[in-house]
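Order of the sequence lines sets the chain letters (A, B, ...), proteins ahead of strands, with each chain counted from 1. Just so it is clear, the values below take in all heavy atoms, side chains as well, and ignore hydrogens, waters and symmetry mates.
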Amino acid sequence: MPELPEVEYVARQLRAAVLGRRITHAAVLWARTVTPMDAREFEARVSGQRITSINRRGKHLIVVLDGGDALAIHRRMSGNLILERAREEALYVRVAFTLDDGQLLLFTDPRKFGRVTLTSNGEIERSLAELGPEPLAPDFTAAVLAERLGASRRAIKAALLDQRIVAGLGNIYADESLFHARIHPLRPAGSLNRREVTALREAIVATLLNGIEHGGTTFGRHRDIYNEAGSNLEHVQVYRRTGKPCPRCGTPITRITVAQRGTHFCPKCQRLRGASSRP
DNA sequence: CTATAAACCTGCTGGC
DNA sequence: TGCCAGCAGGTTTATA
């Protein structure tokens, strides 16, 4: 579930809460979460390192440690980072970090798809090298987006979910962005004209910023580090609103499957025909 | 290149 | 009320 806004929101909270803290102890409760590293090796190597910075790249949360290592955390479908003052009752804990001020930082993950990877700083950079541009960075221009989409004939929805095209978009924010830009999800990615690419870039930025502002979208499992749900679901226009009226024109929202993912759009505002092509 | 399916996992929902 | 098939925000890998 966690897409860029959910990861960014948590990154900001963690910066305020655990920056500068030393990890005094780590416990791996589900070994596959830290693959490919051995669980005991992970615990030994992370213990004693201090948290020097917290960053985000796409949907990856990067916790930089003073021993030359970094933790790359990907929450995948159901992972959360929960901060506890003392041992409370968090469920599905896969990795537990004890900090030097007594706080407990827990990686919880019912479905066990999430990953907490410990590697050297250089290694992390290499593993993230394939990611596309950061959509909230100032250099994410319409020209950059157009260049990334190239002449691809795949559906624009599928392209937006591809982290090599743009980093951080997932199913929710892809649908919302296309709705705001009035682009049909099945449009071939390379067929968008200049005006449409510009509108899409603006829609992506606005949609993501909106999501961050509301603490992320929670319809299932996303929680912030204090175990609070985000409120952005109240603000989405099409995602999971099949059959409900389009907020713009009243036409019922349609749901189709694109790239094996549920895809929601307004059939009147987002037309497939009548589109011009980009040379 | 593009598309599709399957795999990794568990919990929740909707239909019967 | 109860059971079960199907579905879920993500990514990777195999196959056509």
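Residue H74(A) has a polar side-chain atom (N or O) positioned under 4.0 Å from OP1 or OP2 of dT11(C). A sub-4.0 Å separation between OP1 or OP2 of dG10(C) and a side-chain N or O of R221(A) is absent.
Using a 4.0 Å heavy-atom cutoff across all strands shown, Q163(A) reaches sugar-phosphate atoms only and no base atom.
Salt bridge status for E6(A) with K59(A): absent, with no side-chain N to carboxylate O gap under 4.0 Å. A salt bridge links R45(A) with D69(A): at least one charged nitrogen is closer than 4.0 Å to a carboxylate oxygen. Look at R154(A) and D162(A) and you find a salt bridge, because one of the NZ, NE, NH1 or NH2 atoms lies within 4.0 Å of a carboxylate O, short of that distance. Ion pairing of R56(A) with E8(A) is present here, as a side-chain N (NZ or NE/NH1/NH2) and a carboxylate O approach within less than 4.0 Å. A salt bridge links E134(A) to R57(A): one of the charged nitrogens lies within less than 4.0 Å of a carboxylate oxygen. Contact check on D175(A) versus R261(A) returns no salt bridge, with no Lys/Arg side-chain nitrogen under 4.0 Å from an Asp/Glu carboxylate oxygen. Using a 4.0 Å cut-off between a side-chain N of Lys or Arg and a carboxylate O of Asp or Glu, D38(A) and R40(A) do not qualify as a salt bridge.
Separating the P atom of dT1(C) from that of dG11(B) is a span of 23 Å, rounded to the nearest Å. If you take atom P in dC9(B) and the same atom in dC3(C), they sit 27 Å apart, rounded to whole Å.
No donor-acceptor pair closer than 3.5 Å links the side chain of R255(A) to the backbone N or O of T263(A).
Note: CG (D162(A)) to C1' (dT11(C)) measures 11 Å, nearest angstrom. Taking atom CD1 of I165(A) as the reference point, atom P of dG10(C) lies 16 Å away to the nearest angstrom. E130(A) places its CD atom 9 Å from the P atom of dT12(C), with the value rounded to the nearest Å. Taking atom CZ on R76(A) and atom P on dG10(C), their separation rounds to 11 Å, with Å as the unit. In this structure, H264(A) places its NE2 atom 13 Å from P of dC7(C), rounding to the nearest Å. For the pair I73(A) CD1 and dG10(C) C1', the computed distance is 16 Å after rounding to whole Å. Straight-line distance from the CD atom of Q260(A) to the P atom of dT12(C): 15 Å, rounded to whole Å. If you take CG of L169(A) and C1' of dG10(C), they are 13 Å apart, rounded to a whole angstrom.
For DNA chain B, the neighbouring residues in residues 108-128 of chain A, judged by any heavy atom under 4.0 Å, are P110(A), R111(A), K112(A), F113(A).
Running 5' to 3' along DNA chain B, contacts with non-hydrogen atoms of chain A at under 4.0 Å begin and end at dT2(B) to dG11(B).
In this pair, H214(A) and H235(A) present their aromatic rings parallel. The plane angle is below 30°, not in the 30 to 60° band. Between F42(A) and F97(A), the angle of the ring planes lies from 30° to 60°, which puts this pair in the tilted group.
Closest-nucleotide positions on DNA chain B for R94(A) and A259(A) were compared, and the one nearer the 5' end corresponds to A259(A).
Across all strands shown, dC9(B) forms no Watson-Crick or G-U wobble pair with both distances under 3.5 Å.
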